[in-house]
**Student:** 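Below you'll find the structure I mean.
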Amino acid sequence: MSRATSKVDAAPPSTLFLFGAHGDLVKRLLMPALYNLSRDGLLDNGLHIVGVDHNEVSDADFAAKLEAFIIEQARAKGVDEPEKVLDPALWAKLRKRISYISGDFLDDATYQAIAERIEVNGTGNAMFYLATSPRFFSEVAQRLGSSGLLKEQPDAFRRVVIEKPFGHDLASAEALNACLLGVMSEKQIYRIDHYLGKETVQNILVSRFSNGIFEAFWNNHYIDHVQITAAETVGVETRGNFYDQTGALRDMVPNHLFQLLAMIAMEPPAAFGADAVRGEKAKVIGAIRPWSKADALKNSVRGQYTAGQGDKPGYREEPKVDPQSTTETYVALKVMVDNWRWVGVPFYLRTGKRMSVRDTEIAICFKPAPYAQFRDTEVDRLKSNYLKIQIQPDEGMWFDLQAKRPGPAMELENVKLGFAYKDFFQMQPSTGYETLIYDCLIGDQTLFQRADNIENGWRAVQPFLDAWREGGSIATYAAGEDGPEAADELLARDGHHWHRLG
Ligand code: BG6
């Protein structure tokens with residue numbers, strides 16, 4: 001099945017094994033998403049959900065726990081009367097198909113129990129979702145392989161879903177891919193980048209490739225530079241342990257920000273299917289210039305937040321963070337895409353925790369009009385036009401244009417031409433995982449990362465990791481500010497400034 005077909009049918013019956021069933025991912029995203037899919041009639045009555053984890057709980061207790069997760073998430077999102085979020089009849093039907101296997105991920109008996117459960121559930125289709133700590137990815141994949149659970153039949157698929165992080169540098173990503181591909185084929189692997197589940201991210205391709213006007217100016221003749229931002233107001237919350245080993249670059253750039261870059265910069269695919277789309281993405285990510293270490297230092301800024309207004313603690317005071325930590329919570333980079341369409345167009349990327357606002361956006365800055373032919377209007381007063389694609393929280397697209405302010409004087413003013421999702425579409429509450437889980441069940445890999453996407457992403461960030469290990473310094477910014485001053489200088493050097501957030 002491919003994304004070109006419209007999605008109206010329920011996904012085929014199968015057994016979905018959730019490894020790490022008591023973890024945060026199942027609680028915050030997977031279970032609410034599965035419930036939403038079932039509400040929308042997109043899950044077959046033959047879909048069974050099986051939690052796999054080391055805790056000893058009964059099937060009934062596990063189902064009750066999932067029920068509590070869904071209600072808790074609705075409450076966290078500010079839904080009025082969260083306990084009413086579950087339709088009792090619908091939940092009763094789904095609940096009957098939830099069970100649990102208590103077992104160690106490294107114990108062969110766990111895999112024996114999984115094989116038996118597939119047998120009992122009566123469909124040979126199975127999806128193994130590794131919602132575990134990354135240290136288990138290779139181990140679990142190998143055991144699934146050696147116990148024969150990844151062997152597909154013409155009428156029975158076997159698929160493995162893997163969450164990021166896919167490695168922590170190029171070498172570890174290559175090793176993980178080699179391990180996965182040693183026990184299954186690429187067609188069975190679904191590497192999730194949850195940004196691809198966002199409607200606004202998918203809409204970038206639709207906007208570019210279904211509206212003829214964009215292609216005419218989508219190149220280095222008209223586009224001056226591109227800015228990609230993922231600003232968050234949250235700190236590291238309860239993830240200090242993980243984040244302190246990871247940092248902003250690894251956490252956000254080779255995955256989420258490069259996926260946004262690929263959507264903007266890729267060539268039109270020959271077809272709207274998984275191979276063609278992922279092939280174009282791999283090409284464009286592979287065209288990011290690998291900086292020398294010296295250039296990587298020159299073209300990057302690392303920042304860490306210190307205490308800010310309103311009792312916001314500094315990063316080093318956060319729970320489970322080393323008080324001497326030099327891990328970056330903010331990064332700004334300049335990258336160049338060396339191909340015919342984009343040569344000479346800088347792509348500036350920035351992402352950070354504890355910034356002033358939550359804003360994920362792409363700002364495409366066009367070259368200014370060559371000459372201002374208006375009486376008493378200086379050329380240098382003409383501003384560049386921006387196309388802002390906002391991924392979240394206000395989903396939509398806006399063009400910044402110059403317009404004449406009414407009155408006898410020739411005065412120019414910035415105005416906006418825009419499309420906000422909420423003005424046109426009524427969106428059902430969703431986590432962003434609904435599309436991804438559904439696509440996995442129907443066997444559509446378009447929105448999943450292929451091995452070459454992952455490795456090309458790490459190849460492009462590896463020079464920054466290498467350069468930072470050997471030198472350079474980390475700047476600071478107060479929690480609630482938009483990154484360190486050095487990040488402004490990174491753009492000022494090229495005569496640019498960051499697009500205002502919000
Ligand atoms: C995750 C990162 O992949 O993405 C988090 O590990 C980050 O650190 C999150 O907060 C951002 O996702 P979103 O959907 O809130 O932009």
Side-chain angles (χ1 to χ4, degrees), residues 20 23-30 32-33 73 76-78 129-134 137 161-168 173 190-204 228-261 263 302-305 315 318-321 325 327-331 349-362 389-395 421 427 429-437 447-449 453-454 457-458 461 479 483 501-502:
D24 204 47
L25 185 69
V26 173
K27 168 175 166 172
R28 285 189 309 112
L29 296 161
L30 302 187
Q73 285 314 297
K77 287 198 166 150
Y129 201 121
L130 307 196
T132 64
S133 152
F137 291 169
V161 186
I162 296 204
E163 281 284 335
K164 74 178 258 282
F166 312 106
H168 51 89
Y190 289 70
R191 298 178 193 82
I192 284 203
D193 181 314
H194 80 276
Y195 263 49
L196 294 175
K198 295 181 192 281
E199 286 291 343
T200 34
V201 174
Q202 294 169 43
N203 188 48
I204 300 173
I228 302 180
T229 300
E232 298 185 271
T233 51
V234 291
V236 292
E237 303 180 291
T238 52
R239 301 160 73 219
N241 251 347
F242 159 80
Y243 198 87
D244 212 30
Q245 306 293 318
T246 307
L249 179 73
R250 289 185 169 97
D251 190 36
M252 296 292 286
V253 177
N255 32 67
H256 307 326
L257 295 198
F258 278 2
Q259 282 302 316
L260 297 181
L261 182 148
M263 293 288 205
R302 278 178 284 168
Q304 189 188 72
Y305 63 81
Y315 175 67
E318 297 276 16
K320 301 190 188 146
V321 167
S325 173
T327 298
E328 79 287 355
T329 59
Y330 173 98
V331 61
L349 276 46
R350 66 177 155 162
T351 181
K353 300 273 185 204
R354 284 262 193 258
M355 292 174 67
S356 67
V357 286
R358 176 165 187 246
D359 181 9
T360 305
E361 62 161 60
I362 300 158
I389 302 175
Q390 191 158 30
I391 308 298
Q392 55 195 20
D394 296 326
E395 298 144 321
Y421 261 75
M427 307 229 275
S430 88
T431 64
Y433 269 73
E434 288 79 357
T435 310
L436 298 172
I437 295 174
L447 296 179
F448 297 84
Q449 300 228 63
N453 286 190
I454 303 275
W458 280 113
V461 300
L501 293 179

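Counting starts at 1 for both ligands and their atoms, following the listed order. Just so you know, residue 1 is the first one in the sequence shown, and it goes up from there. Because the structure is predicted, anything quoted here is derived from the model rather than measured.
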**Student:** Which of the numbered atoms in ligand 1 are below 4.0 angstrom from a heavy atom of H256?
**Tutor:**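 Those atoms are 1 (C), 3 (O), 4 (O).
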
**Student:** Return the residue, atom name and 0.1 Å-rounded distance of the protein heavy atom closest to atom 15 (O) of ligand 1.
**Tutor:** R358 NH2, 3.6 Å

**Student:** Among all protein heavy atoms in this structure, tell me which lies nearest to atom 8 (O) of ligand 1, with the distance rounded to 0.1 Å.
**Tutor:** D251 OD2, 2.6 Å

**Student:** How long is the span from the CG atom in D359 to the CG atom in L501, to the nearest 0.5 Å?
**Tutor:** 5.0 Å

**Student:** Calculate, to the nearest 0.5 Å, the distance between atoms CD and NZ belonging to E395 and K198 respectively.
**Tutor:** 8.5 Å

**Student:** Using 0.5 Å steps for rounding, measure from the CD atom of Q202 to the CG atom of L447.
**Tutor:** 5.0 Å

**Student:** Short list, please: which atoms of ligand 1 are under 4.0 Å from a heavy atom of K353?
**Tutor:**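 The list of qualifying atoms is 5 (C), 7 (C), 8 (O), 10 (O).
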
**Student:** Report the nearest protein non-hydrogen atom to atom 16 (O) of ligand 1: residue, atom name, distance rounded to 0.1 Å.
**Tutor:**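 Ranked first by proximity to atom 16 (O) of ligand 1 is Q392 NE2, 2.6 Å.
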
**Student:** Which protein heavy atom lies closest to atom 14 (O) of ligand 1, and at what distance to 0.1 Å?
**Tutor:** K198 NZ, 2.5 Å

**Student:** Looking only at protein heavy atoms, which one is nearest to atom 12 (O) of ligand 1, and how far off is it?
**Tutor:** H194 NE2, 3.1 Å

**Student:** To the nearest 0.5 Å, how far apart are CD1 in I228 and CE in M263?
**Tutor:**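 Nearest 0.5 Å value for the CD1-CE distance: 11.5 Å.
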
**Student:** Considering the heavy atoms of K164, write down every atom of ligand 1 situated less than 4.0 Å from one of them.
**Tutor:**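 Going through ligand 1 atom by atom, the ones under 4.0 Å from K164 are 1 (C), 2 (C), 3 (O), 6 (O).
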
**Student:** Can you list the atoms of ligand 1 that are under 4.0 Å from a heavy atom of R239?
**Tutor:** 2 (C), 5 (C), 6 (O), 8 (O)

**Student:** Can you tell me how far the CG atom of L130 sits from the CD atom of E163, to the nearest 0.5 Å?
**Tutor:**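 It comes to 9.5 Å.
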
**Student:** I need the nearest protein heavy-atom contact for atom 10 (O) of ligand 1: residue, atom name and distance, please.
**Tutor:** E232 OE2, 2.6 Å

**Student:** Output yes when E318 and K353 qualify as a salt bridge under the 4.0 Å nitrogen-oxygen rule, no when they do not.
**Tutor:**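 Between K353 and E318 there is no salt bridge, as every charged N stays at least 4.0 Å from the carboxylate O atoms.
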
**Student:** Given the rule in the side-chain contact (heavy atoms from CB on, under 4.5 Å) test, do Y129 and V26 qualify, once you have shown the distances and angles that lead to the verdict?
**Tutor:** CA-CA 10 Å; Y129 201 121; V26 173; over 6 Å; no

